[in-house]
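Here's the structure we're looking at; comments come further down.
Side chains included, hydrogens not; waters and symmetry mates left out as well; all remaining heavy atoms used.
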Amino acid sequence: MNCELIFYLSNRTSLCEKALKAAAGALDLKFRDAKYATSPENYGSLIIDAFENVNVVFSVGGITGDKNGVENVLSKALANKSPDDLKKLRNPLSKTDGYLVRQGGQLLVVLPDEPAELEAVFAESLVPYLNSFLES
């Protein structure tokens, strides 16, 4: 399945991209493109654009807890909507958990921008969910 990758306020992007592609390789996910966002507005536009082309979008970084962080952006975007599924993806290595938002056949996965943490979240919290999502 094709998917897209968005880096938002992210560090170590090339290492995170390699870690994500390695973790997702067994699931037959193919990354079409990597894009970069530095503001909440740009981030939101990239997500909307990505969902016009694919059903799975991975977002790396931006889990900051401040007004520009992913948590705040997602809470504003979802203020008047109830997604089909909204989960926190536990990070066993730190307090920087990831997030998963699913609406219908579209899935947004938010991961930390530390390669080891990204891999840990992916392996522990995401693989079972993605397996069932990709089968449906």
Query raised in the report: Salt bridge or not for Asp28 and Lys30, using N-O below 4.0 Å?
Result: yes

Query raised in the report: Are the side chain of Asn91 and the backbone N or O of Thr96 linked by a donor-acceptor pair below 3.5 Å?
Result: yes

Report summary line: Heavy-atom nearest pair, Gly98 first then Ile63, reads CA-CD1, 4.4 Å

Query raised in the report: Can you say whether the rings of Phe31 and Phe58 are parallel (under 30°), tilted (30 to 60°) or perpendicular (over 60°)?
Result: tilted

Query raised in the report: Taking the side chain as C-beta and beyond, is there a heavy-atom pair between Asn68 and Ser39 under 4.5 Å?
Result: no

Requested in this report: Keeping the roles fixed (side chain from Ser125, backbone from Phe122), state whether a donor-acceptor pair exists under 3.5 Å.
Outcome: no

Requested in this report: Can you sort out the partners of Asn131 under side chain to side chain contact (heavy atoms under 4.5 Å, CB included), two or more places apart, ordered by chain and number?
Outcome: Leu27, Val127

Query - Side-chain donor or acceptor of Arg102 paired with backbone N/O of Gly104 under 3.5 Å - result: yes

Requested in this report: For Val109 and Leu89, run side-chain contact (heavy atoms from CB on, under 4.5 Å): C-alpha distance rounded to whole Å, both residues' side-chain angles, the deciding distance at 0.1 Å, then the answer.
Outcome: CA-CA 9 Å; Val109 178; Leu89 303 173; 4.1 Å; yes

Query - Nearest-0.5 Å distance, CG of residue Leu29 to SG of residue Cys3 - result: 4.5 Å

Query raised in the report: Sub-3.5 Å donor-acceptor pair from the side chain of Glu119 to the main-chain atoms of Ala23, do we have one?
Result: no

Query raised in the report: Between CD of Gln103 and CG of Asp84, what distance do you get to the nearest 0.5 Å?
Result: 4.0 Å

Requested in this report: Could you tell me whether a side-chain N or O of Ser10 sits under 3.5 Å from a main-chain N or O of Thr13, the two making a donor and an acceptor?
Outcome: no

Query raised in the report: Should Leu118 and Phe7 be counted in the same cluster of Ile, Leu, Val, Met, Phe, Trp and Tyr side chains packed under 4.5 Å apart?
Result: yes

Query raised in the report: Do Asp33 and Leu5 have side chains that get closer than 4.5 Å, going by heavy atoms?
Result: no

Query - Interatomic distance, Glu71 atom CD to Asp66 atom CG [nearest 0.5 angstrom] - result: 8.5 Å

Query raised in the report: Can you name the closest pair of heavy atoms from Val101 and Pro83 and give their distance?
Result: CG1-CB, 3.9 Å

Query raised in the report: So if you build clusters from Ile, Leu, Val, Met, Phe, Trp, Tyr with side-chain heavy-atom gaps below 4.5 Å, do Leu46 and Leu20 land together?
Result: no

Requested in this report: Scan side-chain atoms only and decide if Ser59 and Tyr99 contain a donor-acceptor pair under the 3.5 Å cut-off.
Outcome: no

Report task. Begin from the C-alpha positions of Tyr43 and Thr38 and carry the test side-chain contact (heavy atoms from CB on, under 4.5 Å) through to its verdict. Result -> CA-CA 7 Å; Tyr43 180 59; Thr38 58; over 6 Å; no

Report task. Pick out which of Leu130, Val57, Val54, Asn55 makes a side chain to side chain contact (heavy atoms under 4.5 Å, CB included) with Leu107. Result -> Leu130

Query raised in the report: With side chains defined as the heavy atoms from C-beta onward, is the minimum distance between Asp85 and Tyr129 less than 4.5 Å?
Result: yes

Query raised in the report: Are Tyr8 and Leu74 grouped together when hydrophobic residues (ILVMFWY) are joined by side-chain heavy atoms under 4.5 angstrom apart?
Result: yes

Query raised in the report: Same cluster for Val110 and Leu100 if Ile/Leu/Val/Met/Phe/Trp/Tyr side chains link at under 4.5 Å?
Result: no

Report task. Please answer whether the main-chain N or O of Val60 pairs with a side-chain N or O of Asp113 as donor and acceptor at a distance below 3.5 Å. Result -> no

Report task. Could you tell me whether Asp97 and Arg90 have a side-chain N and a carboxylate O separated by less than 4.0 Å? Result -> no

**Report entry** Candidate list Glu17, Glu114, Lys18, test side chain to side chain contact (heavy atoms under 4.5 Å, CB included), partner Arg12, passing option
**Finding:** Glu114

Query raised in the report: Is there a path from Val56 to Phe51 through hydrophobic residues (I, L, V, M, F, W, Y) whose side chains come within less than 4.5 Å of each other?
Result: no

